[in-house]
There are 2 protein chains.
Amino acid sequence: MAIFSKTCEYAIRAVFYIAQKSASGMKSGIKDIAAEIDSPELYLAKILQDLSRKGLITSTKGPNGGFFLTSEMLELPLIEVVKAVDGDALFTGCGLGLKQCSELHPCPLHNEFKAIRNDITLMLSNVSIGGFNQELAEGLVSLKKSKTD
Amino acid sequence: MAIFSKTCEYAIRAVFYIAQKSASGMKSGIKDIAAEIDSPELYLAKILQDLSRKGLITSTKGPNGGFFLTSEMLELPLIEVVKAVDGDALFTGCGLGLKQCSELHPCPLHNEFKAIRNDITLMLSNVSIGGFNQELAEGLVSLKKSKTD
DNA sequence: ATAATAAAAGATATTTTTATCTTTTATAAG
DNA sequence: CTTATAAAAGATAAAAATATCTTTTATTAT
């Protein structure tokens with residue numbers, strides 16, 4: 001198991017890609033995005049529709065249309081995307097799957113997980129959606145799954 | 001998404017339960033374990049068979065049979081169970097699902113994830129399978145999913 | 001207005017994960 | 001050596017996640 005669902009991995013990579021384009025005022029078409037982040041186009045379309053409905057990205061239809069981010073959206077912490085897609089089990093749930101795990105009624109790993117969850121929450125709250133635009137533009141980091149870059 | 005698969009959650013809870021019983025020389029039947037950790041009995045049976053094949057737990061058939069852990073098994077770090085069930089994507093994989101994410105060809109969150117992965121790896125390496133036997137015996141921690149405890 | 005473009009929406013399909021059912025094998029006790 | 005017990009193994013089923021196909025709606029440019 002990875003830390004995020006595949007759906008969420010696609011969502012984050014796509015949002016990073018759209019962010020970088022948006023920073024230079026460009027809209028991105030689904031075909032382009034899917035190719036650039038190496039994801040199934042029609043599945044990604046569904047994911048982006050969902051993010052759009054939830055207000056994390058926006059889009060316009062028709063010629064010259066596409067997905068883009070407003071400057072406010074570029075400032076949002078990445079955790080918003082993760083929460084929108086994977087929910088907040090990663091941030092609030094019990095690591096062993098207990099429904100009523102709490103300080104008073106803890107699972108054996110309660111404190112251990114509290115620390116981990118805190119690290120993850122902090123990390124994803126401290127990076128913004130647009131925070132990697134420059135590194136992406138400079139080609140210092142990659143969003144493509146496979147080697148053909 | 002949770003951090004572990006449900007299969008892995010069941011596995012860890014079951015192993016903790018068997019560990020505590022093993023510490024006092026007792027074997028545990030699948031029916032008993034499933035009831036005590038609140039998991040689907042026949043599914044759990046499959047999981048334990050797998051752990052048994054992989055040498056993380058052991059069992060004997062027939063009357064007075066059941067699952068148990070040797071003293072060596074009780075000392076194993078919990079990460080062995082997680083690796084056996086969920087693989088090591090959580091410990092080595094790229095957070096964004098890139099196949100060739102590395103120092104030289106990193107994803108945008110490469111360093112951020114390195115820290116998180118390290119925390120998780122350390123935590124699961126530093127707790128042993130038998131490490132909670134006393135707290136479990138004293139009822140200070142719980143393995144049951146639902147409130148009826 | 002019309003045609004072309006691109007996302008939205010709805011329906012369906014595939015794959016993986018989770019769960020169950022049935023039969024077989026090993027062990028212990030009478 | 002027969003019966004009862006309990007795990008192992010194999011087959012199947014249900015649910016959730018991932019992926020694709022088709023139709024509709026909105027926008028732009030001609």
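Residue numbers start from 1 in every chain, and the chains themselves are labelled A, B, ... in the order their sequence lines are given, proteins ahead of strands.
- Residue B/Ser59 places at least one side-chain N or O closer than 4.0 Å to OP1 or OP2 of D/dA8.
- A salt bridge does not link A/Lys46 to A/Asp50: none of the charged side-chain nitrogens sits closer than 4.0 Å to a carboxylate oxygen.
- Under a hydrophobic-cluster definition in which Ile, Leu, Val, Met, Phe, Trp and Tyr are linked whenever side-chain heavy atoms come within less than 4.5 Å, directly or via other members, B/Ile33 and B/Phe68 are assigned to different clusters.
- When each of B/Ser52 and A/Tyr43 is assigned the nucleotide of DNA chain D bearing its nearest heavy atom, the one mapping closer to the 5' terminus is B/Ser52.
- Of the listed nucleotides (D/dT28, C/dA7, C/dT27), C/dA7 has the atom at the smallest distance from the side chain of A/Ile30.
- Distance from the side chain of A/Thr7 is smallest for D/dT18 among the nucleotides C/dA8, D/dT18, C/dA4.
- OP1 or OP2 of D/dT27 has not a single side-chain nitrogen or oxygen of A/Thr60 nearer than 4.0 Å.
- One atom, CZ of B/Phe67, and another, P of C/dA26, lie 16 Å apart when rounded to the nearest Å.
- Taking for each of A/Gly65 and B/Arg53 the nucleotide of DNA chain D with the nearest heavy atom, the 5'-most of the two is the partner of B/Arg53.
- Criterion: ILVMFWY side-chain heavy atoms under 4.5 Å apart, direct or through other members. Under it, B/Val141 and B/Leu78 are part of a common hydrophobic cluster.
- One donor-acceptor pair, N or O on each side, does fall under 3.5 Å between the base of D/dA9 and the side chain of B/Lys46.
- The ring of A/Phe113 has its center closer than 6.0 angstrom to the ring center of B/Phe4.
- Residues B/Lys114 and B/Glu103 are paired through a salt bridge, judged by an N-O separation under 4.0 Å between the basic side chain and the carboxylate.
- Contacts of A/Ser28 with the nucleic acid, taken as non-hydrogen atoms under 4.0 Å apart, involve only primed sugar atoms and P, OP1 or OP2.
- Residue-level contact check: B/Thr58 touches neither bases nor backbone, having no heavy atom under 4.0 Å from any strand.
- At the phosphate of C/dT27, neither OP1 nor OP2 sits under 4.0 Å from any side-chain N or O atom of B/Asn64.
- Residue B/Lys6 places no side-chain atom within donor-acceptor reach of the base of C/dT18, judged by atom type and a 3.5 Å distance cut-off alone.
- Rounded to whole Å, the distance from CG on B/Leu44 to P on D/dA7 is 10 Å.
- A/Leu42 comes within contact range of at least one nucleobase, with a heavy-atom separation under 4.0 Å.
- Taking atom NZ of B/Lys27 as the reference point, atom P of D/dT5 lies 16 Å away to the nearest angstrom.
- Projected onto DNA chain C by closest heavy-atom contact, B/Tyr10 and A/Leu48 fall at different nucleotides, the more 5' of which corresponds to A/Leu48.
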